[in-house]
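Input: a single structure, listed below in structure tokens.
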Amino acid sequence: MEPSGITKTQILKDPVVADEVWQAMKDVSKSRQLAVVFRPTENESEIVVDQTFGWEASGMWVKLEQHLTAIDQDIRWAAINMPYLTTSGGKRNKLIFLTWVPDTLTRPKMRESVRVKFNGVQYGGPMRKQATTDGGTLYQANDASDITLDAVLAKAAKFERDGIDRDSLAQLL
């Protein structure tokens with residue numbers, strides 16, 4: 001028995017982050033994609049790409065919101081390229097690394113619910129580290145109000161001196 005009361009068989013290894021995940025994150029950080037969503041495999045041994053969101057059509061942010069909010073019994077991570085213009089005309093592109101751990105996530109046993117939610121935060125570790133190395137911002141979302149465009153934009157532009165040109169968002173996203 002370990003000092004914390006957890007046996008060695010209960011300690012899970014961090015899942016392997018698939019090569020496709022690293023490539024997808026690179027595509028987002030280089031503005032080739034608007035966003036990419038990642039998920040754990042069924043046995044939680046690997047993190048893989050769940051869905052990508054490109055720049056090909058307007059309304060992509062709404063599709064991203066709908067995709068994440070439809071997932072209420074599992075965890076997800078997303079790398080998001082957040083473009084916006086400031087009121088002084090400055091063009092910004094912020095990388096957001098979002099951890100989606102919905103409040104509605106439940107399992108038959110409370111202990112299992114806690115484990116899955118904790119793993120949602122913990123398993124994103126290598127991807128979070130890469131996102132912050134690339135100048136990204138970390139953001140955890142637990143319900144639909146946390147992933148609205150306004151909520152995520154507020155996090156992305158937290159340290160902006162100028163205001164945000166909200167009219168430009170409709171064209172960019």
Side-chain angles (χ1 to χ4, degrees), residues 12 14-15 17-18 21 24-25 27-29 33-44 46-55 57-84 92-132 134-160 163-173:
L12 297 175
D14 286 345
V17 180
V21 169
M25 282 189 69
D27 289 346
V28 170
S29 69
Q33 296 282 342
L34 169 66
V36 62
V37 178
F38 313 107
R39 66 174 176 78
T41 55
E42 287 294 319
N43 63 3
E44 298 180 2
E46 189 174 22
I47 296 173
V48 296
V49 172
D50 182 40
Q51 187 166 350
T52 59
F53 296 87
W55 297 101
S58 62
M60 289 315 280
W61 187 266
V62 173
K63 291 179 184 175
L64 175 63
E65 275 187 72
Q66 289 171 344
H67 178 73
L68 288 174
T69 55
I71 299 162
D72 64 349
Q73 292 300 313
D74 208 355
I75 54 178
R76 293 290 187 272
W77 303 274
I80 304 167
N81 183 331
M82 180 62 69
Y84 61 92
R92 305 287 191 268
N93 242 5
K94 299 287 182 165
L95 178 65
I96 301 286
F97 185 79
L98 183 134
T99 302
W100 174 248
V101 183
D103 287 336
T104 56
L105 187 146
T106 57
R107 295 290 188 263
K109 295 184 177 183
M110 175 71 161
R111 181 181 221 165
E112 181 68 6
S113 293
V114 171
R115 183 192 68 78
V116 171
K117 288 181 179 186
F118 175 75
N119 289 346
V121 176
Q122 177 188 359
Y123 285 170
M127 296 180 298
R128 281 196 324 258
K129 184 176 180 182
Q130 183 62 46
T132 54
D134 291 343
T137 301
L138 304 178
Y139 185 63
Q140 181 169 335
N142 299 93
D143 65 28
S145 67
D146 293 338
I147 56 172
T148 64
L149 181 57
D150 286 337
V152 177
L153 185 61
K155 183 71 172 180
K158 183 176 182 177
F159 298 107
E160 277 300 330
I164 295 163
D165 181 4
R166 296 202 179 270
D167 296 333
S168 68
L169 291 174
Q171 299 165 3
L172 297 171
L173 300 174

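If you're wondering where the values come from, they're calculated on a predicted model, not measured in any experiment.
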task: Decide yes or no on side-chain contact (heavy atoms from CB on, under 4.5 Å) for Val37 and Leu64, but give the supporting numbers first.
output: CA-CA 9 Å; Val37 178; Leu64 175 63; 3.7 Å; yes

field: Ser145 versus Ala151, closest heavy-atom pair with distance
entry: O-CB, 3.6 Å

query: Quick one: does Ile75's side chain get under 4.5 Å of Thr99's, heavy atoms only?
result: no

query: Is Gln73 atom CD crowded by more than 12 heavy atoms from other residues, nucleotides or ligands, each under 6.0 Å away?
result: yes

message: For a quick test of reading the model, state the closest non-hydrogen atom pair linking Phe38 to Ala79 and the distance between them.
response: CE1-N, 4.0 Å

- prompt: Is the side chain of Asp143 donor-acceptor paired with the backbone N or O of Asp146 at a distance under 3.5 Å, no angle test?
  reply: yes

Qualifying residues under ring pair (Phe, Tyr, Trp, His ring centres under 6.0 Å), relative to Phe53, sequence neighbours excluded: His67

task: Look up atom CD1 in Ile147 and atom CD1 in Ile80, then write down how far apart they are to the nearest 0.5 Å.
output: 8.0 Å

field: Side chain Trp100, main chain Ile71, donor-acceptor under 3.5 Å
entry: yes

task: Looking only at non-hydrogen atoms, find the nearest pair between Trp61 and Thr148 and report the distance.
output: NE1-C, 3.8 Å

Evaluation steps, side-chain contact (heavy atoms from CB on, under 4.5 Å), between Trp77 and Leu98: CA-CA 6 Å; Trp77 303 274; Leu98 183 134; over 6 Å; no

query: If you round to the nearest 0.5 Å, how far is CG of Asp103 from CG of Asp72?
result: 11.0 Å

query: Got a second to check how far Glu160's CD is from Lys94's NZ, nearest 0.5 Å?
result: 5.5 Å

- request: Kindly give the heavy-atom pair with the smallest separation between Asp74 and Pro102, and that separation in Å.
  value: O-CD, 3.3 Å

field: side chain to side chain contact (heavy atoms under 4.5 Å, CB included) partners of Ala18, counting only residues at least two apart
entry: Glu20, Val21, Glu46, Val48

query: Checking side-chain contact (heavy atoms from CB on, under 4.5 Å) for the pair Asp27/Val36: CA distance, chi angles, key distance, verdict?
result: CA-CA 9 Å; Asp27 289 346; Val36 62; over 6 Å; no

query: Are Leu153 and Met82 close enough that some pair of their side-chain heavy atoms sits under 4.5 Å apart?
result: yes

task: Tell me, please, which residues at least two apart from Asn142 pass side-chain hydrogen bond (donor to acceptor under 3.5 Å, both in side chains).
output: none

field: Min side-chain heavy-atom separation Asp50-Arg76 under 4.5 Å
entry: yes

query: So how far is it from Met25 CE to Leu95 CG, rounded to the nearest 0.5 Å?
result: 6.5 Å

